[in-house]
Engineer: 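The structure is given below, and queries will be raised subsequently.
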Number of protein chains: 2
Amino acid sequence: MARAAGTKGQTRIQREKTEQILNAALNVFSTYGFRGSTIDQIAIEAGLSKPNILYYFDGKDTIHGVLLARLLESWLEPLEHMQDSDDPISEICAYVTRKLEMARDFPRESRLFANEILQGAPHIIDDLTGPLRALTQHKAELIQSWITAGKIAPLDPHHLIFSIWSTTQHYADFDVQVNAVLGPQSSDRFENAAAHLDHMFRATLKP
Amino acid sequence: MARAAGTKGQTRIQREKTEQILNAALNVFSTYGFRGSTIDQIAIEAGLSKPNILYYFDGKDTIHGVLLARLLESWLEPLEHMQDSDDPISEICAYVTRKLEMARDFPRESRLFANEILQGAPHIIDDLTGPLRALTQHKAELIQSWITAGKIAPLDPHHLIFSIWSTTQHYADFDVQVNAVLGPQSSDRFENAAAHLDHMFRATLKP
DNA sequence: AGCCTTCCTGACCATTCGGTCAAGAATTTT
DNA sequence: AAAATTCTTGACCGAATGGTCAGGAAGGCT
């Protein structure tokens, strides 16, 4: 009988094929969004037949769900990592750098997330109002404590976080536009972005 | 014979209906992207029958094309408006404010654009590498001249522009996430965002 | 009024889509 | 090797989708 999703106690073929399918699906979903993607596209991308895809996964929704679940985990992690420190400015800038690296190394995941949010987040709205909101609230309080201690400039912690999210993810989500404006991909693209963002957030945070 | 697109020398009904359709189509396309949207959805949203939609427009692509064309015009305008000034910091911050107001007042247009870019900008890639790139290059040189004159801090003009685009559009494109994190829409949402961005860019630009 | 043009729609069509199934191929187990 | 299990696919199905068309309804003009 066909098993789905789980990566536990499976045969070699199952592990390989599910990964192959998820990788292909990530390509497709991150480009066209959920409704704009088709199982046929995923099948072609994965080099498998459509029924074979459906042998490993219950349906289109399931594949998408697995990808989103994986994504959310890795999405929360960097923010969780930000903690109290003697040098909160560097702590925040380290978070910025980490987020930018993720935009560089996992652009498909970022675009999958962006597509989902743009379309009203129908599949992950509970994760947004639940875990994400709780974590963000918690970190906003941490930032507020730094403000109160006079270690960083007084600003709205939530909007600071939004600025970090938007500026870093921009390089993944709007990659096409960035390329169109800057011209052919140059290798120092991300280094320049990192330098700019570091300057910007240090200036913003300086008390 | 059915006319499409143009808003010139048309009957009253033509003007009303095409606008009605474009408005409905903007709702649908901005939410689901091009491939995820259907003519039936647009028809229902517009309160018209599907054949009636196709009486006024040649097809799904045409409607989408008209919306994108309108969008690009209004998209370039604020940036064009930024010009040389004795107080470049205020000039740039005025641009930020203008962009934020557009995110507040025209979120559907912003999301339509975001969807198009996310999906690889298939319909507007020429506008990006053409007019948008030229305008951005031109304004980047203006910013560079301010740097050379020592009026603002030395930074990468292009990445500064990206930061402005991303932070402001975030409030339209990621509206669902912002709401999820901040809780029910409060009226001062945009005022707080405006204050934060003003602080951030002033700090970033200070020589 | 009567005539002409514009506007509108039910019925229809070809294609695509998500998904099923029976039966055969490959692999693993005994 | 035989048996049992897992894997794969061509053919198929019902629903949705983009789009057409003939003919009728409504609006404008004299």
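A, B, ... follow the sequence lines: proteins, then strands. Residue 1 opens every chain. These numbers come from the heavy atoms of this one structure, side chains and all, not from hydrogens, waters or symmetry mates.
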Engineer: For residues 120-129 of chain B, run the donor-acceptor check on the side chains, cut-off 3.5 Å, and write out each pair with its distance to 0.1 Å, sequence neighbours left out.
Structural biologist:
from	atom 1	to	atom 2	distance (Å)
B/H123	ND1	B/E116	OE1	3.2
B/H123	ND1	B/E116	OE2	3.3
B/T129	OG1	B/I125	O	3.1

Engineer: Tell me: CZ of A/R35 to P of D/dA16, nearest whole Å?
Structural biologist: 12 Å
Engineer: Would A/I92 and A/L160 count as a side-chain contact (heavy atoms from CB on, under 4.5 Å) if you check the C-alpha gap in whole Å, the side-chain angles of each, and the deciding distance to 0.1 Å?
Structural biologist: CA-CA 10 Å; A/I92 291 172; A/L160 171 66; 4.2 Å; yes
Engineer: In whole angstroms, how far is the C1' atom of D/dG10 from the CG atom of A/L54?
Structural biologist: 14 Å
Engineer: Could you state the CD1-C1' distance from A/I39 to D/dA15, rounded to the nearest angstrom?
Structural biologist: 14 Å
Engineer: Side-chain donor-acceptor contacts of residues 21-38 of chain B below 3.5 Å, not counting sequence neighbours, with atom names and distances?
Structural biologist:
from	atom 1	to	atom 2	distance (Å)
B/N23	OD1	B/R108	NH1	3.0
B/N23	OD1	B/R108	NH2	3.2
B/N27	OD1	B/R108	NH1	2.8
B/N27	ND2	B/E45	OE2	3.1
B/S30	OG	B/L26	O	2.7
B/S30	OG	B/N27	O	3.2
B/T31	OG1	B/N27	O	2.8
B/R35	NE	A/G36	O	3.2
B/R35	NH2	A/G36	O	2.9
B/R35	NH2	A/Q41	OE1	3.3
B/S37	OG	B/V28	O	3.4
B/S37	OG	B/G33	O	2.6
B/T38	OG1	B/Q41	N	3.0
B/T38	OG1	B/Q41	OE1	3.4

Engineer: For A/E16, what residues pass the salt bridge (Lys or Arg N to Asp or Glu O under 4.0 Å) criterion, not counting sequence neighbours?
Structural biologist: A/R12
Engineer: May I have the distance from B/H64 (atom NE2) to D/dG19 (atom P), rounded to whole angstrom?
Structural biologist: 13 Å
Engineer: Can you measure A/D40 atom CG to D/dT9 atom P for me and round it to whole angstrom units?
Structural biologist: 14 Å
Engineer: Are any of B/Q14's side-chain N or O atoms less than 4.0 Å away from OP1 or OP2 of C/dC7?
Structural biologist: yes
Engineer: For B/E16 and D/dG27, what is the distance between atoms CD and C1' respectively, to the nearest whole Å?
Structural biologist: 13 Å
Engineer: Check the distance between D/dC7's P and A/R15's CZ and give it to me in whole angstrom.
Structural biologist: 11 Å
Engineer: For a quick test of your reading: what N or O donor-acceptor pairs under 3.5 Å do the side chains of residues 194-205 of chain B make, sequence neighbours left out?
Structural biologist:
from	atom 1	to	atom 2	distance (Å)
B/H196	NE2	A/H159	O	3.3
B/H196	NE2	A/S163	OG	2.9
B/D198	OD2	B/R202	NE	2.9
B/H199	NE2	A/T204	O	2.9
B/T204	OG1	B/M200	O	2.7

Engineer: Scan nucleotides 8-15 of chain C against the protein and return all N/O pairs shorter than 3.5 Å with their distances rounded to 0.1 Å.
Structural biologist:
from	atom 1	to	atom 2	distance (Å)
C/dC8	OP1	B/K17	NZ	2.4
C/dC8	OP2	B/N52	OD1	3.4
C/dC8	OP2	B/Y56	OH	2.5
C/dC8	O5'	B/N52	ND2	3.4
C/dT9	OP2	B/S49	OG	3.0

Engineer: Report the distance from atom NZ of B/K60 to atom C1' of C/dT16, rounded to the nearest whole Å.
Structural biologist: 12 Å
Engineer: Any salt bridge (Lys or Arg N to Asp or Glu O under 4.0 Å) involving residues 46-57 of chain B? Give me the pairs, sequence neighbours left out, ordered by first then second residue.
Structural biologist: B/D40-B/K50
